[in-house]
Amino acid sequence: MLMQVNEIAGKFAIQGEIADIKPLGEGFINDTFLVRTVGDTPDYILQRKNHIVFPNVPEMMDNIVRVTAHIKNKVAQAGGDPMRESLTVVFTHDGLPYYYDEPNYWAVCVFIAGSVTIDNATSLDLCYKGGQGIGRFQKMLADFTSPLYETIKGFHNIKFRYEQWDDTIRRDKFGLVETVREEIKWVEDRRQQMLDFWKLVENGELPMRVTHNDTKLSNILFDKDGEVLCAIDLDTCMSSTALNDVGDALRSYTNTGAEDDQDLSRVSMDINRFRSYVAGYLSEMKDALNDCEKEWLAFSAIYITFEQVLRFLMDYIDGSTYWKIQYPTHTLVRTQAQYKLLQSMEEQYPEMRRIVKELL
Ligand code: GN1
Ligand code: MG
């Protein structure tokens, strides 16, 4: 593998001489490597993009190039450092933002020196800063008007997800439906509620904006002092509602357990983290949101956590091909842990609404 990744990295216009290449993090979808160079030249992130999840990597990379160029301009205008407060895509020697080595697509970006990612929210301050980070991200993209490709069809569209869901249940490829009757009921019980909410998107009351769509904590880059540098993993950056970013972040920041916790007693929503995240987000976005967005802000956490329950369970029934697994029932465990979190949010929903009102 090392020979191979070395060769691939060499296709990109990176500065300096490669010292070593090592796998980085535990991405569930792409494979990520840190490419270290000798001496003072930057280090790089090399990724093998999952072309099953992302059917059109060239389009996805085109989105990322355009979005990061826009963000860099904004950062520069505000007197910031575009090399630290934005991802920087590195092109190949042929001038493309990806390298195609059949059947894989590879992409490279600059590793921001001294940056760290965090898997679990360890403080309320971190939640606040994470919220501010995504608020700023959305704000910088508010005037990005050229259309972006839809990199994953119907990504946060629950109506589309229910269509996929119905196909999965009908197909029952591996005969697993019978074994997860209780879990299936969780998804069925909420069908009407979720589809009713989706009508607000269909009729335009909840506007489309350019959003990140994968805002879990580990997709925000912090510096050593805990300050937000930028949002990373821009693979799903496209047109969506502002609420999807908030909901997905709350799903991850507020969870007192792990996304795949086998001990459900550890999983719940921490209301203080909820408050801090929302406060950070609203410190940037309060004036930009319309009344409908404000009204449904608290619900966004329930919406995306529910969607994640559906997506995990659907993948489990389909044979666990989407998220990497460490053991056969891993994605079922993920489903159950997300459901526990969802229940905790549903119980605390009145309080979540109260807090949002208070912060607005
Ligand atoms: C995936 O790419 P990554 O690991 O940040 C997924 C998200 C899920 C998340 C659950 C493109 O995120 O939607 O919420 O796993 N990304 C894609 O951990 O499907
Ligand atoms: Mg991703």
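Just so it is clear, the model here is predicted, and its values are computed rather than measured. Whatever order the structure lists them in is the order used to number ligands and atoms, beginning at 1.
Trp296 and Phe299 have perpendicular rings, their planes meeting at more than 60° on a 0 to 90° scale where under 30° would count as parallel.
A donor-acceptor pair under 3.5 Å links the side-chain atoms of Thr179 to the main chain of Leu176, judged by distance alone. Without hydrogens or angle criteria, Asp94 side chain to Leu96 main chain gives no donor-acceptor distance under 3.5 Å.
Contact annotation for Asn30 and ligand 1: no heavy atom of the residue comes within less than 4.0 Å of the ligand.
Below 4.0 Å from some heavy atom of Asn219 lie the following atoms of ligand 1, by number and element: 5 (O). Taking a cut-off of under 4.0 Å to the non-hydrogen atoms of Asp233, the atoms of ligand 1 that pass are 2 (O), 3 (P), 5 (O). For ligand 1, the atoms sitting less than 4.0 Å from at least one non-hydrogen atom of Ile29 are 1 (C), 6 (C), 11 (C), 16 (N), 17 (C), 19 (O), numbered in the order shown with element in parentheses. Atoms of ligand 1 found under 4.0 Å from any heavy atom of Phe54 (numbered from 1 in listed order, with element): 11 (C). Per-residue contacts place Phe155 under 4.0 angstrom from the following atoms of ligand 1 (heavy atoms of the residue considered): 11 (C), 13 (O), 17 (C), 19 (O). Taking every heavy atom of Tyr322 and a limit of under 4.0 angstrom, the matching atoms of ligand 1 come to 11 (C), 17 (C), 19 (O). Proximity to Glu259 (heavy-atom distance under 4.0 Å) selects the following atoms of ligand 1: 10 (C), 18 (O).
Within the 4.5 Å cutoff, the side chain of Met269 has no heavy atoms near those of the Asn255 side chain.
Proximity of Ile152 to ligand 1 is established by a heavy-atom distance of less than 4.0 Å. The closest approach between a heavy atom of Thr236 and any atom of ligand 1 is below 4.0 Å. In this structure, Arg311 has a heavy atom closer than 4.0 Å to ligand 1.
Note on Asp248 versus Lys216: no salt bridge recorded, every NZ/NE/NH1/NH2 to OD/OE distance being 4.0 Å or above. A salt bridge links Glu188 with Arg191; the closest basic N to acidic carboxylate O contact falls under 4.0 Å.
Taking the six-membered ring where the residue is Trp, the centroids of His51 and Phe54 are separated by 6.0 Å or more.
For the ring-ring contact (aromatic ring centres under 6.0 Å, His included) criterion with Trp186, the lone passing option out of Trp165, Phe306, Tyr339, Phe312 is Tyr339.
Taking distance alone, with nitrogen or oxygen atoms compared against 3.5 Å, Arg251 approaches ligand 1 more closely than that limit.
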